[in-house]
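So you know, we letter chains A, B, ... as the sequences are listed, proteins then strands, and number each from 1.
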2 protein chains.
Amino acid sequence: MTLELSVDRGSPVPLYFQLSQQLEAAIEHGTLTPGSLLGNEIELAARLGLSRPTVRQAIQSLVDKGLLVRRRGVGTQVVHSQVKRPLELSSLYDDLEAAGQRPATKVLVNTVVSATAEIAAALGVAEGSDVHQVERLRLAHGEPMAYLCNYLPPALLDLDTAQLEATGLYRMMRAAGITLHSARQSIGARAATSEEAERLAEEAGAPLLTMQRVTFDDTGRAVEYGTHTYRPTRYSFEFQLLVRP
Amino acid sequence: MTLELSVDRGSPVPLYFQLSQQLEAAIEHGTLTPGSLLGNEIELAARLGLSRPTVRQAIQSLVDKGLLVRRRGVGTQVVHSQVKRPLELSSLYDDLEAAGQRPATKVLVNTVVSATAEIAAALGVAEGSDVHQVERLRLAHGEPMAYLCNYLPPALLDLDTAQLEATGLYRMMRAAGITLHSARQSIGARAATSEEAERLAEEAGAPLLTMQRVTFDDTGRAVEYGTHTYRPTRYSFEFQLLVRP
DNA sequence: TCAATGCGTATGTCCGGACAATCTGACTAC
DNA sequence: GTAGTCAGATTGTCCGGACATACGCATTGA
């Protein structure tokens, strides 16, 4: 079979990116079957009228994504297993939306509080200084699913309650021009207190899935600290991860 | 301050790798302070007697690791935040060892069983075919910490009980020439059954942290399926993750 | 005073070529 | 028949250069 590949030099989209997208689409679509060889880089470059470094850059990006595997002396082949996505820094809202559910959000608290020692340490601000606090309840199919408590540095974002209910916090941050860079997460479990149980329509002592996260932008500022509790019967963390070579 | 950088052209270690390692060490050591500019690539290349693509390759690898941030028109600077490691496919054994603890392992079961539908689906083998089963109890400071149940395809590995107690499963796989590539994970929580509770010295109904994982090698074969339960008072999943640009 | 413009600087993209390292498979020698 | 050897194929590394693009800042203009 011959793979239809072409690049548009008039497009502002980088050539290597055009190529990697077409290859990824072909893998996704099944045109490039798992295990099949991709054909050597030099010939592929010649066929497309590109240079080898450009082709290599395209292939490399897919290798980084885990879709391709290179073998010296053999060639580049499509990975057999079904790689979906290698763990992104995704918000619960996006996760649910991607799963086809229509998540609902109920903002319980949207205010400014004085930072406790824990919050101050996480966000890197002075203890006692003002921080935004947002408490939300995330529902799916009318059932409570997770209780989210977040703290943000002051003057970072305009936290409109209506907007918080219509979209996710991360989406609002990105829209405000904040470049999310990395996050430090901790996932655990514990028994629900009576207060937590009531919020999530569980019973006191029921197991809860917990997640704490501090998110940093590309300048190294902490832009968000969150403590979340999930109902384990309704939610679990699913992700694919790659081995760093 | 002047950063000491040099490369050895006689070494079989790639030049870009030598450079990236030195830069990483300088960041780790604090010689390159967070937020500081790295100096433009062209001059850096000239100073080291390297070409710009080589220098770029070194820098790019650190950008991928989350240690550096590039800004067009500005330069490349060291990320402020404390990036430790961006979530590896690590075994519990390695995690504990890295944390300074000396993990102990007790192999409870090491046998061959007939694959149930669940196991067969995860490993991609025929239902009812033979698979290895390993059940282990992981202890730290004499206290049970996690209960690990793993299934492996037949004839993949020689599962020596003594070796399983002395090291981790992943380390044994790597030593056997298996190239780990990716894994699909699911982390959740549930209440302990009385059987599970007894194994982990908890009470029935106590919250447990659960993890399921299927690991694939670079040919796409499933090489391991594991169902783990952790005591949440003793263990939680901590990791750093990067945002895919 | 404030906004628009222009310029320098640094990274982003792309090219064409060269040699080295490694894997596969076929051939050869014992 | 088996083991060692060699050649072809393919990716890995590296070079030197060219132009495009975006950011920050100083200058200019209203």
Problem set entry | Under-4.0 Å side-chain N/O to phosphate OP1/OP2 contact, B:Thr76 with C:dA10 | no
Exercise. When you match A:Leu50 and A:Arg71 each to their closest nucleotide on DNA chain C, which lands nearer the 5' end?
Worked result: A:Leu50
Exercise. Has the side chain of B:Arg70 got a donor or acceptor that lies under 3.5 Å from a partner of the other kind on the base of C:dT11?
Worked result: no
Exercise. What nucleotide among D:dC15, C:dT11, D:dT11 has an atom nearest to a side-chain atom of B:Glu41?
Worked result: C:dT11
For this session: Could you verify whether a donor N or O on one side chain and an acceptor N or O on the other, from A:Tyr16 and A:Gln60, lie under 3.5 Å apart?
Result: no
Exercise. So what does B:Arg52 touch, heavy atoms closer than 4.0 Å: a base, only the sugar-phosphate, or nothing?
Worked result: base
For this session: Return no unless some side-chain N or O of B:Thr54 is found under 4.0 Å from OP1 or OP2 of D:dC15.
Result: yes
For this session: Give a yes or no answer on whether the side chain of B:Gln185 reaches the backbone of A:Leu241 with a donor-acceptor pair at less than 3.5 Å.
Result: no
For this session: Take the protein atom CG of B:Leu37 and the nucleotide atom C1' of D:dC23, then report the distance between them rounded to whole Å.
Result: 13 Å
Exercise. Under a 4.0 Å heavy-atom cut-off, which of residues 8-16 of chain B touch DNA chain D?
Worked result: B:Arg9, B:Pro14, B:Leu15, B:Tyr16
Problem set entry | Spacing between A:Arg72 atom CZ and C:dG25 atom P, to the nearest angstrom | 18 Å
For this session: Ignoring the backbone of A:Ser51, work out which of D:dC14, C:dG16, D:dT21 is nearest its side chain.
Result: C:dG16
Exercise. Is B:Arg56 touching bases, backbone alone, or none of the nucleic acid, heavy atoms closer than 4.0 Å?
Worked result: base
